[in-house]
Each structure stands twice: as C-alpha cells, then as structure tokens.
Amino acid sequence: MTNLELQKMANEVRKGIVTSVHSAKAGHPGGSLSAADMFTYLYFEEMNIDPKNPKMEDRDRFVLSKGHTAPGYYAALANRGYFPVEDLKTLRHLGSYLQGHPCMQETPGVDMSSGSLGQGISAAVGMALAGKLDNKDYRVYTLLGDGEIQEGQVWEAAMFAGARKLDNLVVIVDNNGLQIDGKVEDVCSVYPIDKKFEAFNFQAINIDGHNFDEIRAAMQKARETKGMPTAIIMHTVKGKGVSFMEDQAGWHGKAPNDEEYEIAMADLKKIDEQLEKAGEV
C-alpha cells in the first residue's frame, strides 16, 4: 500500500475505535488512537497473514501486550477482513466476541489473549523461541505501552529474548508519554527506553509512530538485522486524530458521550477530506 492508502486506512481504524468505545460506553480510546497507525501498518503491509485462514501455521504472530487498547486492535482486524466492521459496535456487550481485552478463543485473528500488563511480551518471546526451535520463518510482533514497561516481567522477557538472539521478534513500545495516572515520567520514569533495550542486547530504533516512512524503514531494518531482537520505540500522541483527546491523560480509559462522539467523528471526517485532497494533487 502507498502511504496515502495507509493513512486513509488508519483513519478508518480510528473511526472504528471511536465508534466502538462510544457504543460500549466504556473502553480505552487514547492509547488505541495513538497506536492506530502501527496497527494499520502491521495488518495491511507488514505481516504475513490470511484473514480467510486465521490459524495458518506459518502466519506471522501478533500479541497485544497492552490489551486494554483492544478497540484499536479490533478495528484493524475488522477492516482487514477478519470479521464485519459493523460488529465493532458490539464492543464489551454481553455475549459479544469483542470483549474489553482480546480473547484468542473467541475473536478471529487474535493469536494470544491479553489483559494483565507486562505479560504479553512473555507470550511473544515464547512464540518467537518456538519458531526458532521448529525452524519456522514466521515473525512475532508485540505492542507494549510505555506505562506498561514499568512492569518487571517486561524486562525478564527482554533479557531472555536478547540472550537467545531472537531476531524473529519485534517489540514495539507506544511511547505516547501518558498513562492512566498522568505523565509516565512523573509516575515512574521509564527513560531512556532505547538504552534499556540495548542493555538487554536488542537493536533499538526510535521513530515517529505516525510517519509511515519511518515505520516502514524500521520494520525493514528489523528484518535485515540478524542475531538480536529489535525494539521499535514509536513516539506518538495519545488520542491522535481527535482534537479534544490529543495528549490528554483523562482519555486513557473513558468513552465519549453523544456530543463528544459527534465532534470526534467530525474531526476524523476532516482528516478524510484532507487525505482526499492530497490524493488529487
């Protein structure tokens, strides 16, 4: 896909996030919106997957370690064809297969259930090790929040991945700078993130998480690097795309009301219009 096509799809993913969280009257829009561009790149450009065969043995794997941003994950899966986009409106509803955190038993395309922060990366490391032991070519990607990496288990998993030289593993950190209690640096600073991963024998790459050229280049570098896993630290804006949510910790885990929903969708419609004009140039 071209960058413009990816930008348009990322905006569709953002619409799905806002719509699903509004419908649920609960959920986590802020971190879902900040990661929307990465969700889009992974599922529409990077990963070897087949929505018609979600359990394909040699598919690339993805683990959403920051499981509360499931609205973004689901919106990407739906737009990629794993299930109807219309079903996003059932988020967190009783009986829906789209619950507040991903469930691998219920949701098509989900490779690992997740929710408790810090645990997803361990599952991803296990998948990557299994690929090496089985001489498989699949790659494993996992997305963590910057607040999440305050969890000690993250660094145990990183130490193991670096020691085992799991070059089929890509750890992505969504560094939007905010967590539920405020600024990450004020709650419990995780900086410098890149140097920490480098200390665990990772290649660390800093990028603008909303720039598809930089995402593409980082993924290419990860593929070309042998003998060590890669950590991509993507610098993002929490609530990206929705004017009143951007860079606001209060929108970590809160649903928009009806009036706010209309404003949010109007913001995203404006982005659609801007992208259409860009395509006409």
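Note that the structure is a prediction, hence the values are computed from the model and not measured.
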Minimum heavy-atom separation for [X] to [Y], with atom names?
| X | Y | answer |
| --- | --- | --- |
| L117 | S65 | CD2-O, 4.0 Å |
| T225 | Q203 | OG1-NE2, 3.0 Å |
| D111 | F62 | OD2-N, 3.1 Å |
| L42 | I172 | CD1-CD1, 4.1 Å |
| S23 | K89 | OG-O, 2.5 Å |
| A128 | L166 | CB-CD1, 4.1 Å |

- I would like to know whether I205 and T230 meet side-chain contact (heavy atoms from CB on, under 4.5 Å); could you show each step before the answer? CA-CA 8 Å; I205 307 171; T230 294; 3.9 Å; yes
Strictly distance-based, threshold 3.5 Å: is any side-chain N or O of [X] a donor or acceptor partner for the main-chain N or O of [Y]?
| X | Y | value |
| --- | --- | --- |
| Q153 | S122 | no |
| Q150 | V190 | no |
| T142 | V63 | yes |
| T107 | Y97 | yes |
| S34 | K238 | no |
| K25 | A255 | no |
| N176 | L178 | yes |
| S114 | L64 | yes |
| D60 | R139 | yes |
| N11 | L268 | yes |

- Task: Show your working on salt bridge (charged side-chain N to carboxylate O under 4.0 Å, His left out) between R59 and D50 and close with a plain yes or no.
- Result: CA-CA 8 Å; R59 73 190 184 282; D50 182 1; over 6 Å; no
Hey, is [atom1] on [X] packed in by over 12 heavy atoms from elsewhere, all under 6.0 Å?
| X | atom1 | result |
| --- | --- | --- |
| E273 | CD | yes |
| K195 | NZ | no |
| K52 | NZ | no |
| E259 | CD | no |
| D137 | CG | no |

Using a 4.5 Å cut-off on heavy atoms from C-beta on, say whether the side chain of [Y] contacts that of [X].
| X | Y | result |
| --- | --- | --- |
| V125 | L169 | yes |
| V13 | T40 | yes |
| M265 | D267 | no |
| P71 | S20 | yes |
| M234 | E214 | no |
| L144 | V171 | yes |
| K66 | T69 | yes |
| N3 | D213 | yes |

Any chain of hydrophobic side-chain contacts (each under 4.5 Å) joining [X] to [Y]?
| X | Y | value |
| --- | --- | --- |
| M245 | I180 | no |
| M219 | I207 | yes |
| I49 | M1 | yes |
| V187 | V184 | no |
| M112 | V173 | yes |

- Message: With a 6.0 Å cut-off on the ring centroids, do W155 and F160 count as close?
- Response: no
[X] side, atom [atom1]; [Y] side, atom [atom2] - distance, nearest 0.5 Å:
| X | Y | atom1 | atom2 | answer |
| --- | --- | --- | --- | --- |
| S189 | D146 | OG | CG | 10.0 Å |
| K221 | E224 | NZ | CD | 9.5 Å |
| N257 | E262 | CG | CD | 10.0 Å |
| I232 | N206 | CD1 | CG | 10.5 Å |
| S96 | D87 | OG | CG | 7.0 Å |

- Message: Test salt bridge (charged side-chain N to carboxylate O under 4.0 Å, His left out) on K15 and E12; report intermediate values, then the result.
- Response: CA-CA 5 Å; K15 290 177 189 175; E12 292 302 310; 3.0 Å; yes
- Query: Which pairs count as ring-ring contact (aromatic ring centres under 6.0 Å, His included) when at least one residue sits in residues 228-250, sequence neighbours excluded?
  - Reply: F244-W251
- Task: For residues 10-32, pull every pair meeting ring-ring contact (aromatic ring centres under 6.0 Å, His included), keeping only residues two or more places apart or in separate chains.
- Result: H22-Y261, H28-H68, H28-H252
- Task: Determine, stepwise, if the pair E5 / K8 fulfils salt bridge (charged side-chain N to carboxylate O under 4.0 Å, His left out).
- Result: CA-CA 5 Å; E5 289 170 333; K8 288 180 177 180; over 6 Å; no
- Message: The criterion is side-chain hydrogen bond (donor to acceptor under 3.5 Å, both in side chains); which residues satisfy it with N201, sequence neighbours excluded?
- Response: none
Pairs under 3.5 angstrom only: tabulate donor-acceptor contacts from the side chains of residues 72-80 to other protein residues two or more places apart or in another chain.
| residue | atom | partner | partner atom | Å |
| --- | --- | --- | --- | --- |
| Y74 | OH | Q99 | O | 2.8 |
| Y74 | OH | H101 | O | 3.3 |
| N79 | ND2 | A75 | O | 2.8 |
| R80 | NE | Y43 | O | 2.6 |

- How far apart are the C-alpha atoms of E46 and R216, what are their side-chain angles, what is the distance that settles it, and do they pass the salt bridge (charged side-chain N to carboxylate O under 4.0 Å, His left out) test? CA-CA 8 Å; E46 174 69 14; R216 181 179 285 105; over 6 Å; no
- Item | Option from D37, T19, I271 for which side-chain contact (heavy atoms from CB on, under 4.5 Å) with R14 holds | D37
- Task: Would you list the pairs meeting side chain to side chain donor-acceptor pair (under 3.5 Å) in which at least one residue belongs to residues 159-173, sequence neighbours left out?
- Result: K132-D167
- Task: Report the C-alpha distance between V170 and V140 in whole Å, list the side-chain angles of each, state the deciding distance to 0.1 Å, and finish with yes or no for side-chain contact (heavy atoms from CB on, under 4.5 Å).
- Result: CA-CA 6 Å; V170 178; V140 183; over 6 Å; no
- So, is the end of the R61 side chain (NZ or CZ) under 6.0 Å from the ring centre of Y138 and within 45° of the ring's axis? yes
- Task: Report the residues that fulfil ring-ring contact (aromatic ring centres under 6.0 Å, His included) with Y82, sequence neighbours left out, ordered by chain and then residue number.
- Result: none
